[in-house]
Amino acid sequence: MAKHVTILVGTMTGTAEIVAEEIKAMLDAETAIGSEIHPMDSLDAGILAAGGDFLIVTSTYGQGDVPDNARGFFEDVARTRPDLEQVRFAVAGLGDSTYQDTFNHAGEKFEVLLTGLGATRVAGRLKHDASGDTLAEDAAVEWARDAVASFEEARAEAA
Ligand SMILES: Cc1cc2nc3c(=O)[nH]c(=O)nc-3n(C[C@H](O)[C@H](O)[C@H](O)COP(=O)(O)O)c2cc1C
């Protein structure tokens, strides 16, 4: 099976986009895994319904909400409820622990939505803290190395 990862980006001020680009650069440099980045702005549920391996990179805003550019996509998946049995995914969440009650909630919302539709979560969620001492892109690249290895294992088990 071809090795390919689709990276979906939910962002308000661009950090998640930088994170996605750094993950892609790492995959290009260190692995044979092809990847493409899609900002969530114009996506609908069809991209997930087709199946495959996905990294979801999303920040959290408002009262623990998904970013504005992710809202239409999130709502379309929730409304149309596609069968995601053929989807494997992992979520890199960006947040800030000063928002104690809603820290990284958008990433959790994506996990709950996708697993509820039958998708397989292959790795634990990254919960980056903008008030911590690591850059989001550094933490996410390290996390992504393990996450893509988990895709490999899940593929091998399914074969
Ligand atoms: C107005 C505003 C609201 C935010 N609300 C939350 C929140 O509820 N929970 C959280 O964990 N982080 C929250 N954050 C922090 C962002 O998610 C964090 O800074 C993230 O790295 C931004 O990524 P982005 O540039 O990709 O949007 C908020 C930030 C701003 C500016």
Side-chain angles (χ1 to χ4, degrees), residues 4-31 33-50 52-80 84 87-117 119-151:
H4 188 88
V5 173
T6 303
I7 306 172
L8 307 182
V9 179
T11 186
M12 204 78 114
T13 54
T15 315
E17 182 74 34
I18 293 167
V19 164
E21 285 165 6
E22 291 290 322
I23 291 173
K24 179 170 174 43
M26 180 276 289
L27 293 174
D28 290 347
E30 299 178 16
T31 76
I33 301 170
S35 60
E36 61 194 50
I37 298 172
H38 290 277
M40 292 185 192
D41 304 65
S42 55
L43 297 181
D44 62 26
I47 193 163
L48 291 175
D53 295 348
F54 294 86
L55 293 178
I56 294 178
V57 185
T58 184
S59 59
T60 295
Y61 273 86
Q63 311 291 317
D65 301 323
V66 301
D68 286 352
N69 86 316
R71 196 173 302 159
F73 173 59
F74 188 94
E75 288 172 359
D76 191 57
V77 176
R79 185 174 52 79
T80 61
L84 300 184
V87 167
R88 291 168 295 270
F89 77 99
V91 175
L94 309 186
D96 190 324
S97 60
T98 58
Y99 298 88
Q100 286 179 29
D101 297 337
T102 57
F103 179 53
N104 254 297
H105 274 197
E108 185 180 357
K109 284 181 175 174
F110 271 105
E111 284 191 337
V112 170
L113 177 65
L114 269 56
T115 53
L117 295 170
T120 301
R121 190 186 78 151
V122 300
R125 179 163 38 106
L126 175 71
K127 287 175 248 179
H128 182 258
D129 181 1
S131 288
D133 52 13
T134 56
L135 284 174
E137 54 268 39
D138 292 347
V141 164
E142 198 175 319
W143 168 88
R145 283 193 185 97
D146 289 340
V148 294
S150 304
F151 284 131

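What's counted below: heavy atoms across the whole structure, side chains too, no hydrogens, waters or symmetry copies. Numbers here simply count residues along the sequence, with the first being 1. Counting starts at 1 for both ligands and their atoms, in listed order.
The closest side-chain heavy-atom distance from T60 to E108 is not below 4.5 Å. Side-chain contact check for E17 versus I37: some heavy-atom pair is nearer than 4.5 Å. Looking at heavy atoms from C-beta onward, V77 lies out of side-chain contact with F110 at the 4.5 angstrom threshold. Within the 4.5 Å cutoff, side-chain heavy atoms of F89 are placed close to those of E111. L48 is listed as a side-chain neighbour of L8, based on a closest heavy-atom distance under 4.5 Å. Contact check for E21 versus E137: no side-chain heavy atoms found under the 4.5 Å cut-off. By the 4.5 Å heavy-atom criterion applied to side chains, T58 and P67 are counted as neighbours. Under the 4.5 Å side-chain criterion, counting only non-hydrogen atoms from C-beta, L114 is not in contact with R121.
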side-chain contact (heavy atoms from CB on, under 4.5 Å) between D65 and F74: does it pass, once the steps are laid out? CA-CA 11 Å; D65 301 323; F74 188 94; over 6 Å; no
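Residue nearest to atom 20 (C) of ligand 1, selected from G10, S59, P67: S59 (by heavy-atom distance). The nearest non-hydrogen atom to atom 17 (O) of ligand 1, considering only I18, T60, D129, comes from T60.
Close approach to G62 involves these atoms of ligand 1, each under 4.0 Å from a residue heavy atom: 3 (C), 5 (N), 8 (O). Proximity to M12 (heavy-atom distance under 4.0 Å) selects the following atoms of ligand 1: 24 (P), 27 (O). Listed by number with element, the atoms of ligand 1 under 4.0 Å from a non-hydrogen atom of F103 are 11 (O). Within the listing of ligand 1, atoms 24 (P), 25 (O), 26 (O), 27 (O) sit less than 4.0 angstrom from a heavy atom of T11. Interface atoms of ligand 1 facing N104, defined by a heavy-atom separation under 4.0 Å, are 10 (C), 11 (O). Atoms of ligand 1 found under 4.0 Å from any heavy atom of T13 (numbered from 1 in listed order, with element): 24 (P), 25 (O), 27 (O). Remark: ligand 1 atoms within the under-4.0 Å shell around heavy atoms of A16 are 26 (O).
Taking a 4.0 Å cut-off on heavy atoms, A106 fails to register as neighbouring ligand 1. Under a 4.0 angstrom heavy-atom cut-off, G14 registers as being in contact with ligand 1. Within the 4.0 Å heavy-atom shell around ligand 1 one finds G64.
The shortest contact between atom 12 (N) of ligand 1 and any protein heavy atom is with D96 N, 3.2 Å. Summary of contacts: the protein heavy atom closest to atom 22 (C) of ligand 1 is Y61 OH, 3.5 Å. The protein non-hydrogen atom at the shortest distance from atom 21 (O) of ligand 1 is L94 CB, 3.7 Å. Considering only non-hydrogen protein atoms, atom 4 (C) of ligand 1 sits nearest to Y99 CZ, 3.3 Å. In terms of protein heavy-atom proximity, atom 19 (O) of ligand 1 is closest to A130 CB, 4.0 Å.
Annotation: T102 places an N or O atom under 3.5 Å from an N or O atom of ligand 1; distance criterion only.
Of all heavy-atom pairs spanning Q63 and T102, the tightest one is C-CG2, 3.7 Å. The nearest pair of heavy atoms linking V122 to R88 is CG1-CB, 3.8 Å.
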